[in-house]
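Notes follow the structure.
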Amino acid sequence: MKRLLQASLIILASMGVADARSLDDIISSGTLRVGVNPNFPPMSSYSTDNKLEGFDVDIAGKLAEALGVTVELVPTESQQRVPFLVSDRIDISMGALTRTVEREKVIDFTVPLHTEAMATLTTENVTAKSWKDLNSADITLVNMRGNWSVDFLKEKLPDANVLLVDTIADTVRSVAQGRGDAIIENIDFFMKFTENYPDVKWRVIEDTVFVAFCGIGVSQGNDDLLRVLNVAMYDLHSSNTVNDTWRKWYGADMLKPVVPQPFF
Amino acid sequence: MNYTFQFGQAFMHLPYLLGGALLSLQIAFIAFWGGAAMGLFGAFGIVYGRPWLRHTIQAYITFFTNTPAVVQIFFLFYALPEVGIVLSSMTAVTLGLMLNSAAYLAEIQRAGFLSVRQSELDAALTLGMNRLQTLRYVIVPHIARAIYPPLSSFFVWLVLGSSIGALYGVEELTGRALNVATSNLRTIEIFLIVAVIYIALTLAASLSLGLVGRHVFRVKGGLLR
């Protein structure tokens with residue numbers, strides 16, 4: 001997937017890209033076109049009345065409000081997030097867009113909106129203090145078939161057993177039912193599912209494997225828009241709106257909250 | 001965009017994939033024989049049993065042929081632990097496919113029983129055969145010939161159906177293919193190879209079943225004409 005993405009980024013970059021709408025164009029048109037993932041609850045997904053809802057949708061609304069325009073949500077799957085920006089189908093791109101050097105070569109990022117902390121979700125049956133303590137033959141790590149982290153963990157924790165299941169809900173269920181001991185992943189996205197098992201003594205090992213930052217993607221060189229968004233996001237962070245919205249949708253605090261910085 | 005096939009990166013995982021194929025066969029084999037034994041009992045029960053037994057078996061068949069195997073296995077794997085029964089991945093998947101097959105195999109075997117006509121039984125009686133002889137020379141060969149072809153195609157279906165195991169943590173052929181494809185991104189190559197392995201498995205199964213059928217049950221048709 002990563003290689004495919006890189007290849008498509010390079011092709012898009014070399015094609016000569018459509019001109020992005022400037023801040024002025026956006027304000028005079030009255031709408032901000034925001035790319036959100038339609039299949040990523042509770043980040044964003046279709047509700048029962050067929051409207052997009054979730055953390056990203058709430059934040060997108062707040063940003064549009066700050067710009068004095070209305071929001072137009074555009075469904076973008078993960079692999080479409082960058083191409084849609086480059087081809088000017090959207091003005092900003094959300095959907096847990098992890099900030100990477102590879103992407104920064106093609107688009108620009110605002111200050112971080114939220115983090116993705118790769119950490120350990122386990123229960124009190126496991127005494128480990130760090131994710132590194134899980135390298136043992138009597139530990140079974142549960143993961144999803146097709147996740148990037150499967151290979152990474154096999155390399156870092158070669159002695160642990162692995163159970164590969166189908167969905168996030170299945171991984172959490174497997175640990176709850178004692179089939180496995182721990183999940184090492186971007187566990188912010190897993191926490192909501194622990195609510196189904198209130199009797200299980202869940203425990204998060206906070207020492208993180210690493211923390212990645214997800215910003216909002218903007219077309220490269222669209223500086224006016226980028227600066228306004230950065231200031232608006234500083235306000236959203238410092239007023240605790242981001243953290244409150246996160247808790248509202250994820251049912252838990254962000255594991256590693258973004259510390260707002262007043263200077264960009 | 002020109003895609004360049006690189007089979008080398010896929011072929012180096014062949015032993016790993018073949019290990020998965022062995023597991024697929026194992027699942028299919030256990031599920032088939034277990035299901036066939038249960039199905040035989042079920043077919044007997046429907047044809048010769050008392051009404052309550054007949055109705056119970058028919059309810060079982062209706063339930064298992066009208067719900068997807070993937071849902072039945074989900075139930076075994078994820079719902080049973082809530083009442084304290086934790087089955088391993090392999091057990092849950094094999095058992096699920098076995099319970100599912102039992103319903104289909106009961107129907108196939110019942111059809112076999114019903115294919116024995118009264119006139120043939122009368123003929124056996126006329127020839128002076130006793131019950132055991134009638135069973136041995138008339139009923140069993142007749143049933144075997146009638147049900148052997150659908151039984152063998154069901155086995156082939158089971159070999160392919162074992163790929164459901166990938167969803168529930170069994171590292172069989174499809175699961176291993178997904179593992180390899182995730183890490184080296186040579187998805188098309190891997191799945192082409194896996195398709196060939198599945199074809200080889202099912203052809204080998206069909207051929208050997210065909211041979212057995214031809215020599216033991218004198219069944220015509222199938223791959224061996």
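Using cut-offs of 30° and 60° on the angle between ring planes, the pair B:F32 and B:F155 is perpendicular.
For the pair A:R99 and A:F109, the cation does not sit on the ring face, since its NZ or CZ is not both under 6.0 Å from the ring centre and inside 45° of the axis.
Both the backbone and the side chain of B:F77 have a heavy atom closer than 4.5 Å to some heavy atom of chain A. Contacts between B:A181 and chain A at a heavy-atom distance below 4.5 Å are absent for every atom of the residue. Only the backbone of A:N147 comes within contact range of chain B, with heavy atoms under 4.5 Å apart. Interface remark: A:L163 contributes side-chain atoms only to the contact with chain B (heavy atom separation under 4.5 Å). Residue A:V150: no heavy atom, backbone or side chain, is found under 4.5 Å from chain B. Contacts of A:F152 with chain B are absent, with no heavy-atom separation under 4.5 Å from either backbone or side chain.
A donor-acceptor contact shorter than 3.5 Å is absent between the side chain of A:S44 and the backbone of A:F40. One N or O on the side chain of B:Y60 and one on the backbone of B:L99 form a donor-acceptor pair closer than 3.5 Å. Remark: the backbone N or O of A:A117 is not paired with any side-chain donor or acceptor of A:T115 at under 3.5 angstrom.
Residue A:K156 places its NZ atom among 12 or fewer non-hydrogen atoms of other residues, nucleotides or ligands, all under 6.0 Å distant.
Interface remark: of the candidates B:T187, B:V170, B:L178, B:N179, B:N179 forms the most heavy-atom pairs closer than 4.5 Å to chain A.
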